S.K.: 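Structure below; questions to follow.
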Amino acid sequence: MEKAIRITVFSMIFILTVCSGSSAQVAPVPDTGQTKCYSSSYNISISCLKCYDSKGSVANCPTCYDSEGNAMAAFPVCYDAEKNETVCPNCFNSEGDEIICPDSGCYDTEGSEIECPKCYNDQGSEINCPKCYDSQGNEIICPNCYDSDGNEINCPGESEFYDKYGSYIYGQDGSYDSDTKVLESGRQRFTVRTVAGDKMADDSITGLTWEIKTSQNKTATYTWEEAATYIAGLNSDQFGGYSGWRLPTIRELAFIVDRDNYNPAVDTEIFPNTASGDDSDYLYWSSDTYIFVPADGPEEVWTWSVNFGGKMGGKVTGSPNDNEEMSYYRRYIRAVRGDEMPASVFTDNGDGTVTERITGLMWLKEAPETKWIEALTDCEALTFPSENGYSDWRLPDINEVLTLFDHSKNSLYEVFSGSSNHWSSTTRINDKVHVWRSSSGAVAVTYNDKGQTFSARAVRDAKVYDYGDIDHSDGVDLADAVLALKASAGLSLGNAVIYIDVDVNGDKKIGVEEVIYVLQYVAK
């Protein structure tokens, strides 16, 4: 039978050699540019909680568990006899290796025997030193924490997840180091260049090239029809030596907003001459339209815009695009060139989670409504699914929230349930008691104070496998075709495992379609 399957596979390859296949490519969502954390109660910034390794590099903060295997909200806290909080003691064996502290027989790092360290409570009374456990309830060496200079410090306790005003810190944009604004190679996200006097900015995350405005044209506004004429002029003039200029999609345009800045809400070193001022609206056209149905009239075609200036910098809103007489519906333009950023593609994992294949993000299908602090804490503490679940969930930033929406329909993608009003982890920089959130109707991104109640949809970074990678081997090959043939024929798979998250037609099955797809891919 195996031989027959192999013959069938190679026969199909011969037939399909003229066909081609394609694989999924993961494109990270650019970060918001926000590097600080903010109080939920006061219009102030606060230090974000970060942990470091002994070399001073940012590291994941260690996790401790109780003896039942439950993650602890706080790390063990130790005090000296004078009631001062101190670094919890380390113990070593006679070889100088760190060990779980025993009752006797302690050594220093040189292997010399010393008196075993003592621990005290916050009243200064001697107590048993705190114990740490792994997630299976086994006692382990308590983790060590360091500052950015590599000096060992107290591991953060529960109180250190809050500022002095009682505001929750962890889980905001600044809690996570950016891996997009400054890339692994050390290159900045944007590179500015000039060709024949025309300035452009290349985005190394999205692969797009952006027009940089001049002091002469930065205040020019256009109707929807005039915008098309402006773009045609850029192309006929070969701006920067290129054709292919276009209006950006709403997602592309929103992704260059720098939410650590406002008025204008952009990195002005990269994008000087961005329209801004004391007024509320400095809106830039996108290419994305949708049907809006007013309460008191017939449906209209509206277009999405992003506000880069004034008090509303960072807001995403829609407006009619067919009223040339009203100057209010004139907009600024920032042209772009390059392949259009693809729409979201979701795979329902069948366990209450959904994976977006373009960005590599995994989402919860359900989104409970809660206040912002609870949204941060609940997402950070979440383990889901209940069996063999993930524990690295977090509240998404506003750019990630935008990928949940089909802006051509002005709605959440149908795979999700619940309200369109979603919290993000991104604070509004010019009024820090506000946080950015998604919305519906005439507005896609707006803000509210942190005491309101909206949906909190947890997200995590997921591994995304190519379509057709049926055995999750990080490659599409003949082994996948053989598995698909066996599955479609009802044959035994032996010890092999097949994964349905890579099915090519969304039917949650591995069958003939997957065989054909894999063979097309291999033939290519």
Side-chain angles (χ1 to χ4, degrees), residues 1-29 60 135 179-180 183-185 205 207 342 344-365 383-393 403 415 459-524:
M1 181 61 69
E2 292 284 351
K3 181 178 180 181
I5 290 176
R6 285 196 295 271
I7 292 173
T8 302
V9 170
F10 286 106
S11 299
M12 293 182 73
I13 290 175
F14 178 78
I15 295 171
L16 294 167
T17 50
V18 297
C19 300
S20 63
S22 61
S23 61
Q25 298 293 322
V26 175
V29 178
N60 293 329
S135 56
D179 59 356
T180 55
L183 305 179
E184 289 182 2
S185 63
I205 300 301
S344 298
V345 178
F346 292 99
T347 297
D348 191 331
N349 300 318
D351 59 359
T353 69
V354 175
T355 299
E356 205 288 296
R357 299 190 62 84
I358 304 300
T359 61
L361 296 175
M362 180 183 290
W363 298 87
L364 287 192
K365 292 185 69 174
T383 297
F384 190 90
S386 55
E387 286 191 26
N388 301 317
Y390 304 102
S391 58
D392 54 352
W393 297 98
T403 67
V415 71
V459 70
R460 61 178 296 273
D461 299 300
K463 170 73 175 179
V464 177
Y465 293 90
D466 288 343
Y467 290 118
D469 186 7
I470 295 166
D471 57 3
H472 279 189
S473 63
D474 284 325
V476 180
D477 51 31
L478 289 180
D480 297 303
V482 171
L483 284 175
L485 279 170
K486 286 183 175 182
S488 60
L491 301 176
S492 171
L493 300 177
N495 295 325
V497 177
I498 61 174
Y499 296 88
I500 62 173
D501 63 321
V502 294
D503 76 300
V504 298
N505 59 356
D507 65 356
K508 296 297 180 185
K509 298 178 182 178
I510 301 298
V512 174
E513 291 85 354
E514 284 67 38
V515 176
I516 295 173
Y517 178 88
V518 170
L519 293 175
Q520 289 175 336
Y521 184 92
V522 173
K524 178 183 177 182

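We count residues from 1, following the sequence as given. Just so we're clear, the structure is a prediction, and the values are computed from it rather than from any experiment.
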S.K.: Over all heavy atoms of both residues, which pair between Ser391 and Thr383 is shortest? Give the atoms and the distance, please.
M.R.: CB-OG1, 3.7 Å
S.K.: Which atoms form the tightest heavy-atom contact between Val512 and Ser488, and what is the distance?
M.R.: N-CB, 4.1 Å
S.K.: What residues, two or more places apart in sequence or in another chain, satisfy side chain to side chain donor-acceptor pair (under 3.5 Å) together with Thr403?
M.R.: none
S.K.: Shortest non-hydrogen contact from Asp351 to Pro385?
M.R.: OD2-CG, 3.5 Å
S.K.: Do Val415 and Trp363 have side chains that get closer than 4.5 Å, going by heavy atoms?
M.R.: no
S.K.: Rounded to the nearest 0.5 Å, what separates atom CG in Asp480 from atom CD in Glu514?
M.R.: 10.5 Å
S.K.: Only counting residues at least two apart or in another chain, list the ones meeting side chain to side chain donor-acceptor pair (under 3.5 Å) with Ser473.
M.R.: Asp469, Asp471
S.K.: So which of Ile358, Leu361, Ile205 actually passes side chain to side chain contact (heavy atoms under 4.5 Å, CB included) with Val29?
M.R.: Leu361
S.K.: Using only atom types and a distance under 3.5 Å, with no angle test, would you say the side chain of Glu356 pairs donor to acceptor with the backbone of Phe346?
M.R.: no
S.K.: Would you indicate whether Phe384, at its atom CZ, is surrounded by more than 12 heavy atoms from other residues, nucleotides or ligands within a distance under 6.0 Å?
M.R.: yes
S.K.: If I compare all heavy atoms of Leu483 with all of Ala496, which pair ends up nearest, and what's the gap?
M.R.: CD2-CB, 3.6 Å
S.K.: For Asp392, give me all partners under side chain to side chain donor-acceptor pair (under 3.5 Å), at least two apart in sequence or on another chain.
M.R.: Arg460
S.K.: List the atom of Ala462, the atom of Met362, and the distance in Å for their closest heavy-atom pair.
M.R.: CB-CB, 3.7 Å
S.K.: For the CG atom on Asn388, are there more than 12 heavy atoms of other groups (residues, nucleotides or ligands in this structure) within a distance under 6.0 Å?
M.R.: no
S.K.: Shortest non-hydrogen contact from Val354 to Lys365?
M.R.: CG2-CG, 3.2 Å
